[in-house]
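Note that ligands are numbered from 1 as they come in the structure, with each ligand's atoms numbered from 1 the same way. Predicted, not measured: the structure shown is a model, and the values here were computed from it.
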Amino acid sequence: MILIQEHPLVGQLVNAIGAEHVLRAPDLMAAYVVDWTGRYCGDALCVVRPGTVEQVSSILHTCNIAGVGVVPQGGNTGLVGGSVPAPGSGAVVLSLTRLNSMGPVDPVTGQVSVGAGVTLAALNAHAKAAGWVFGVDLAARDSATIGGMVATNAGGIHVVGNGMMRKQVLGIEAVLATGEVIRSMSGLAKNNTGYDLTQLLCGSEGTLGVITEVSLQLIRPRDTELIIAGCDSVEAALMIASRFAGRLAAAEIMDRGGIDSVSRVTGITVPFPTPFHVLVEVTGGVSADSLEDLEHVTLAMDARDRENYWALRERITEAMAVECTGVSHKLDISVPLADLDTVYREITTYLDQPGVRDVVLFGHLMDGNFHVFFTTDTDGSHEEALDIAVLELVAAHGGSISAEHGVGHMKADHLHLSRSAGEISAMRGIKAALDPKGILNPGVLFTH
Ligand code: FAD
Ligand code: MLT
Ligand code: ZN
């Protein structure tokens, strides 16, 4: 029998956190090395599941000395390949899911500190039990973790009302590549004493430090009305949502392909025969006359309506995964609102070509954020050229190649389309300062 020569690092990691939480067997590692979309599948030296910040520190210190890559992982629901190791990387996947403790909600300030491995759903339940709610929500709520959401600066359906993840973050405890722990969890409303390391780590996608605990600002729940309307263009959808500007809790758009796919998969009836549907959640009440000029519009009358209307939007990703064959392409772009209608037309016109199927655009309307989905038969260089052409089209409108999902491995080659050479150089300088051996999430954000 040929004994696989264990990498000496594995023994050190077992000593650090115990054999039970160091996975080596391929079948035990399988779920940790393939991403949610299935498009990114790598291999790991091992998977480690620390239970304390001290264990995270010891793991990073050991890997840094050994010069072995570390891929931080939360719920593994990321959509740009950032949560799994690259093929042949031999990296260690560091799962934060065991860091799932939650502190008490401060009844006066609405602040709460939670472990990085706490899921969004668990936080929501914890906040609700204390009479508060969390400002960011997204369909992956049952698996996505707070640490992952901070690391990707997640967006979701309430950005128009509450901002992105970074706006909810008050403080962070994290471990740097050397194993050093930094902690800014004072909860102070004001603390102007140098660089804001908390905000620097928001959106850093596991490349600057491993987040172990987060201090969050919760908000008071607000009564809202949910409107679903049908319309003929993106421009018309913007006009409908804009009439509630300043009172919007959510404003989402679905084109015909996406909403029909959800209807086929779930059996939920599509309300209107129009090319687009817009879902608008409004605080402060909705007067009948504010909708009387719309031919296709209805208010959610009860919880079931709300559930169905949100399913028509939130289950598009799932429905496309169920119905579509071939290679799935998922882009997450944003452009200035004034360009949104034009960009929709340019993208759909460009993708109307042989070999491209299932073109669906949907997303967060008032964030100027479209999720672009389509399928091709193969996954070759021609097909990647389709993605690049769409990203170049977006960049030509001053848009972003990644609105909310991050860069990951998927868009590292195209960062220049949204960031200047000077910015990329400055970001590389920060990366080199905090992770001089480049062990944190190699290949994510920067190609080398
Ligand atoms: P993972 O996928 O595990 O990791 C994501 C990135 O964060 C990786 O680079 C990883 O290295 C890093 N990371 C994870 N944990 C840590 C940590 N503790 N410290 C440092 N780095 C860490 N995203 C949106 O923004 N808006 C949406 O509306 C949205 N909807 C979604 C719907 C579905 C059905 C799915 C599957 C995904 C959706 N996402 C959305 C994408 C995804 O849920 C978010 O990116 C989420 O923030 C990822 O959290 P996670 O815990 O799964 O992180
Ligand atoms: C969404 O808004 O549904 C998500 O970002 C998921 C996706 O883009 O597929
Ligand atoms: Zn989204």
Side-chain angles (χ1 to χ4, degrees), residues 31-32 35-38 40 50 53 56 60 69-85 91 93-100 114-120 136-159 164-165 172-176 201-214 250 252-254 258 262 310 313-321 328-334 360-365 367 369-373 402-410 412 440-445:
Y32 295 89
D35 83 320
W36 189 88
T37 69
Y40 291 88
V53 61
V56 173
L60 283 171
V70 176
V71 178
Q73 189 182 94
N76 199 11
T77 67
L79 295 169
V80 290
S83 54
V84 295
V93 173
L94 194 166
S95 170
L96 283 303
T97 51
R98 290 183 61 216
L99 297 186
N100 58 6
V114 300
V118 168
T119 63
L120 176 56
V136 173
D137 194 15
L138 45 84
R141 57 186 68 86
D142 291 333
S143 303
T145 64
I146 297 307
M149 290 173 69
V150 172
T152 56
N153 184 30
I157 57 178
H158 292 318
V159 170
M164 296 184 75
M165 192 67 186
I172 276 179
E173 174 191 77
V175 184
L176 302 180
L201 285 172
C202 294
S204 60
E205 299 186 54
T207 63
L208 297 181
V210 176
I211 297 158
T212 49
E213 191 178 358
V214 186
E252 300 286 309
I253 187 168
M254 302 84 94
V262 175
W310 272 116
R313 162 57 186 87
E314 288 204 312
R315 295 185 65 178
I316 291 176
T317 294
E318 172 199 335
M320 300 310 286
S328 296
H329 296 248
K330 286 179 64 59
L331 300 173
D332 159 42
I333 60 100
S334 60
V360 162
L361 276 75
F362 66 100
H364 315 286
L365 178 65
D367 310 342
N369 178 189
F370 269 131
H371 297 308
V372 181
F373 179 92
S402 180
E404 58 177 14
H405 295 164
V407 175
H409 287 284
M410 179 194 271
L440 288 176
N441 230 346
V444 164
L445 199 52

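Heavy-atom distances between Met320 and ligand 2 stay at or above 4.0 Å for every pair. Heavy atoms of Gly117 stay at 4.0 angstrom or farther from ligand 1. Proximity of His364 to ligand 1 is established by a heavy-atom distance of less than 4.0 Å. Using a 4.0 Å cutoff on heavy atoms, Val444 does not count as a contact of ligand 1. Heavy atoms of Val71 come nearer than 4.0 angstrom to ligand 1 in no pair at all. Residue contacts with ligand 2 leave out Glu252, since none of its heavy atoms falls under 4.0 Å from the ligand.
Under 4.0 Å from ligand 1, the heavy atoms of Asn441 that appear belong solely to its side chain. Here Thr77 has heavy atoms under 4.0 Å from ligand 1 in both its backbone and its side chain. Of the heavy atoms in Pro72, both backbone and side-chain atoms come closer than 4.0 Å to ligand 1. At a 4.0 Å heavy-atom cut-off, ligand 1 does not touch Glu314 at all. Contacts between Glu314 and ligand 2, counted as non-hydrogen atom pairs separated by less than 4.0 Å, are absent for every part of the residue. Heavy atoms of Ile211 found under 4.0 angstrom from ligand 1 belong to the backbone as well as the side chain. Here Phe362 has side-chain heavy atoms under 4.0 Å from ligand 2, and that is the only part of it that gets that close.
The atoms of ligand 1 that sit less than 4.0 Å from any heavy atom of Ala116 are 18 (N). Contact atoms of ligand 1 toward Val210: 19 (N), 20 (C) (distance under 4.0 Å to a heavy atom of the residue). Taking every heavy atom of Gly156 and a limit of under 4.0 angstrom, the matching atoms of ligand 1 come to 26 (N), 27 (C), 28 (O). Taking a cut-off of under 4.0 Å to the non-hydrogen atoms of Lys330, the atoms of ligand 2 that pass are 7 (C), 8 (O), 9 (O). Short contacts between ligand 2 and His405, defined as distances under 4.0 Å to a heavy atom of the residue, involve ligand atoms 4 (C), 5 (O), 7 (C), 8 (O). Remark: ligand 1 atoms within the under-4.0 Å shell around heavy atoms of Leu96 are 18 (N). Short contacts between ligand 1 and Gly206, defined as distances under 4.0 Å to a heavy atom of the residue, involve ligand atoms 20 (C), 21 (N). Each of the following atoms of ligand 2 lies closer than 4.0 Å to a heavy atom of Thr317: 3 (O), 6 (C), 7 (C), 9 (O). Using a 4.0 Å cut-off to heavy atoms of Glu404, the atoms of ligand 2 that qualify are 2 (O), 5 (O). Near Ala154, the atoms of ligand 1 lying under 4.0 angstrom from a non-hydrogen atom of the residue are 25 (O), 47 (O).
For the residue pair Asp35/Asn76, the side-chain donor-acceptor check at 3.5 Å is not satisfied. With 3.5 Å as the limit, one finds a donor-acceptor pair spanning the side chains of Thr212 and Glu173.
In this structure, the side chains of Trp36 and Thr317 come closer than 4.5 Å at one or more pairs of heavy atoms. Residues Val56 and Leu96 have side chains in contact (heavy-atom distance under 4.5 Å, counting atoms from C-beta outward). Proximity of Val80 to His409: side-chain heavy atoms (C-beta onward) are nowhere separated by under 4.5 Å. The closest side-chain heavy-atom distance from Thr37 to Leu79 is below 4.5 Å. Annotation: side chain of His405 is not in contact with side chain of Glu205 (no heavy-atom distance under 4.5 Å). The side-chain heavy atoms of Val175 and Val53, taken from C-beta on, include a pair separated by under 4.5 Å. Side-chain contact between Met164 and Val136: absent, with no pair of heavy atoms (C-beta onward) separated by less than 4.5 Å. For the pair Phe373 and His329, the minimum side-chain heavy-atom distance is 4.5 Å or more.
Classified by interplanar angle (parallel below 30°, tilted 30° to 60°, perpendicular above 60°), the ring pair His158/Trp310 is perpendicular. The aromatic rings of His364 and His371 stand perpendicular to each other, their planes meeting at an angle above 60°, with 30° marking the opposite boundary.
Inclusion of Ser143 in the set of residues having an N or O under 3.5 Å from an N or O of ligand 1 is not warranted. For ligand 1, the polar-atom distance check finds no N/O of Gln73 at less than 3.5 Å from any of the ligand's N/O atoms. The N/O atoms of Gly78, backbone and side chain alike, include one that comes under 3.5 Å of an N/O atom in ligand 1. Polar contact with ligand 1: absent for Thr317 (N/O pair, distance under 3.5 Å).
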Check the pair Val150 / Ile172 against side-chain contact (heavy atoms from CB on, under 4.5 Å), numbers first and verdict last.
CA-CA 9 Å; Val150 172; Ile172 276 179; 3.7 Å; yes
Would you sort out whether Val444 and Val407 count as a side-chain contact (heavy atoms from CB on, under 4.5 Å), showing the intermediate values?
CA-CA 7 Å; Val444 164; Val407 175; over 6 Å; no
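Using a cut-off of 2.8 Å, one finds that Asp332 contributes no N/O/S atom close to the Zn ion (ligand 3). Among the atoms of His364, an N, O or S atom is found under 2.8 Å from the Zn ion (ligand 3).
Between atom 53 (O) of ligand 1 and the options Ala403, Gly209, Ser95, Gly148, the minimum heavy-atom separation is to Gly148. Across Gly81, Ala140, Gly82, Gly155, heavy-atom proximity to atom 31 (C) of ligand 1 is greatest for Ala140. Evaluated by nearest non-hydrogen atom to atom 13 (N) of ligand 1, the leading choice among Ser83, Ser204, Ala151 is Ala151.
Nearest protein neighbour of atom 50 (P) of ligand 1, counting heavy atoms only, is Gly75 N, 3.4 Å. Taking atom 29 (C) of ligand 1 as the reference point, the nearest protein heavy-atom neighbour is Leu138 CB, 3.8 Å.
When all heavy atoms of Val210 and Pro72 are compared, the pair lying nearest together is CG2-CG, 3.9 Å.
Atom OE2 is the N/O/S atom of Glu404 found closest to the Zn ion (ligand 3).
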